[in-house]
> 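Sharing a structure, written as structure tokens. Questions coming.
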2 protein chains.
Amino acid sequence: MSDPVPTFGPRVVTVPPGEDRERLVCPDCGYIAYDNPKIVVGSVALWQDRILLCRRAIQPRIGYWTLPAGYMELGETSQDGAAREAWEEAGARLAVGPLLAVYNIPRISQVQLIYLARLTSPDIAAGPESQEVALFAWDDIPWTDLAFPSVDWALREYEVRRDLIHAGQPFAPATNPVDGL
Amino acid sequence: MSDPVPTFGPRVVTVPPGEDRERLVCPDCGYIAYDNPKIVVGSVALWQDRILLCRRAIQPRIGYWTLPAGYMELGETSQDGAAREAWEEAGARLAVGPLLAVYNIPRISQVQLIYLARLTSPDIAAGPESQEVALFAWDDIPWTDLAFPSVDWALREYEVRRDLIHAGQPFAPATNPVDGL
């Protein structure tokens with residue numbers, strides 16, 4: 001997974017004048033790449049009692065099942081980003097609801113905002129980043145073939161809140177499990 | 001507020017091969033700057049019934065009052081970032097609690113994660129980005145001298161949840177007010 005040493009663009013780690021920490025700078029032109037944590041937006045998306053999952057057609061974790069999720073883009077809200085990812089990866093149209101979980105993965109400087117959502121129809125179709133998409137009943141979720149720990153976490157947090165959710169009650173979003181960092 | 005046209009670094013807007021949207025590319029070396037939404041982390045931080053605010057010593061909105069908040073850095077959690085900002089801007093040590101609000105500002109591609117926090121002591125001191133810091137009773141908050149709309153929003157969302165908060169009950173975080181985008 002290690003990248004080759006770049007030979008162009010920002011590639012020198014240094015503390016720029018007036019700054020208090022190291023940044024990646026281009027030694028050819030002086031451009032400073034302010035690298036910031038990235039936001040992943042996704043959803044536990046329901047059709048009736050079933051949950052939308054996507055089998056990944058891309059690395060990492062190709063062939064494993066994940067929630068529809070991906071990097072938030074410029075100029076969109078986090079809710080719109082979660083809906084866009086479900087459309088791109090699973091051809092699913094979502095009504096995005098409350099925040100189900102906020103996960104921090106500081107090792108890779110990632111914040112995941114996982115919403116609870118409902119499909120507005122059961123029509124789904126694998127997009128280019130998915131081998132297959134499906135609506136799983138709870139007892140059929142492929143627990144041993146999930147792509148990432150946070151997929152497992154978010155599904156279980158949905159289960160914990162299911163009665164509140166179906167009663168339309170407000171709930172606090174989950175954070176990382178204690179042993180999850 | 002418009003920036004001068006850059007003469008170095010990524011400065012040409014184009015769709016790179018294999019991509020589906022425009023990115024900023026350096027025409028000299030081909031480096032692609034993947035510009036992502038940025039995360040602001042901050043807090044409504046309480047000492048007893050009083051709320052920590054900081055009078056800004058920097059642009060924009062110099063001289064106006066704000067919550068301790070700033071850009072999340074690489075390698076930290078959002079909670080740790082909120083605590084770091086309160087330390088840097090106000091010399092305040094925080095115990096960071098539940099998420100109070102998630103605000104989307106898509107015009108500037110910003111997501112704000114505002115936590116509820118408690119100061120672990122009343123000792124505060126203005127950092128380099130603050131002209132002044134203070135603990136305000138609710139009735140003394142300088143409403144007409146707040147720096148940003150989301151400061152006003154977050155304070156009012158705290159007020160709405162105050163009984164739940166003081167009772168230790170869970171609550172859903174706020175999102176943008178309907179007219180707030």
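The analysis underlying the following values was restricted to heavy atoms, covering all of them including side chains, and did not include hydrogens, waters or symmetry mates. Naming: A, B, ... by sequence-line order, numbering from 1 per chain.
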> When you group the ILVMFWY residues by side-chain heavy-atom contacts below 4.5 Å and let the links chain together, are B:Trp65 and B:Leu119 in the same group?
no
> Verify the cluster assignment for B:Leu164 and B:Tyr158: are they in a single hydrophobic cluster under the rule of side-chain heavy atoms below 4.5 Å apart?
yes
> Under 4.5 Å heavy-atom distance to chain B, tell me which part of A:Pro98 shows up: side chain, backbone, both or neither.
neither
> Taking the side chain from A:Ser109 and the backbone from B:Gly75, do they hold a donor-acceptor pair closer than 3.5 Å?
yes
> Quick check: closest heavy atoms across B:Tyr31 and A:Tyr31, and the distance to 0.1 Å?
CE2-CE2, 4.2 Å
> Given that the side chain runs from C-beta out, which part of B:Thr7 has a heavy atom under 4.5 Å from chain A: side chain, backbone, both or neither?
neither
> Measure distances from B:Arg11 to the heavy atoms of chain A and classify the residue's part below 4.5 Å as side chain, backbone, both or neither.
neither
> Checking heavy atoms, do the side chain of B:Glu88, its backbone, both or neither come under 4.5 Å from chain A?
side chain
> Determine whether A:Leu155 and A:Leu94 fall in the same hydrophobic cluster, where Ile, Leu, Val, Met, Phe, Trp and Tyr are linked whenever their side-chain heavy atoms lie under 4.5 Å apart.
no
> Determine the option with the most heavy-atom pairs under 4.5 angstrom with chain A, choosing from B:Ala172, B:Cys29, B:Gly9.
B:Cys29
> Taking A:Asp35, A:Val111, A:Thr175 one by one, which has the highest count of heavy-atom pairs under 4.5 Å against chain B?
A:Asp35
> Same cluster for B:Tyr103 and B:Leu53 if Ile/Leu/Val/Met/Phe/Trp/Tyr side chains link at under 4.5 Å?
yes
> Can you tell me which portion of B:Leu113 sits under 4.5 Å from chain A's heavy atoms? Options are side chain, backbone, both or neither.
side chain
> Chain A heavy atoms under 4.5 Å from B:Leu99: which part of the residue, side chain, backbone, both or neither?
side chain
> Suppose a student defines contact as a heavy atom less than 4.5 Å from any heavy atom of chain A. Which residues in residues 124-140 of chain B would they list?
none
> Under a 4.5 Å cutoff for heavy-atom pairs, which residue among A:Glu73, A:Lys38, A:Met72 has the most contacts with chain B?
A:Glu73
> Is there a chain of hydrophobic side chains (I, L, V, M, F, W, Y, each step under 4.5 Å between heavy atoms) that links A:Trp153 to A:Val44?
yes
> If every non-hydrogen atom of A:Gln79 is compared with every non-hydrogen atom of B:Asn104, which pair is closest and at what distance?
OE1-ND2, 3.4 Å
> Name the member of B:Asn36, B:Ile32, B:Ile108 that forms the most heavy-atom pairs with chain A at distances under 4.5 Å.
B:Asn36
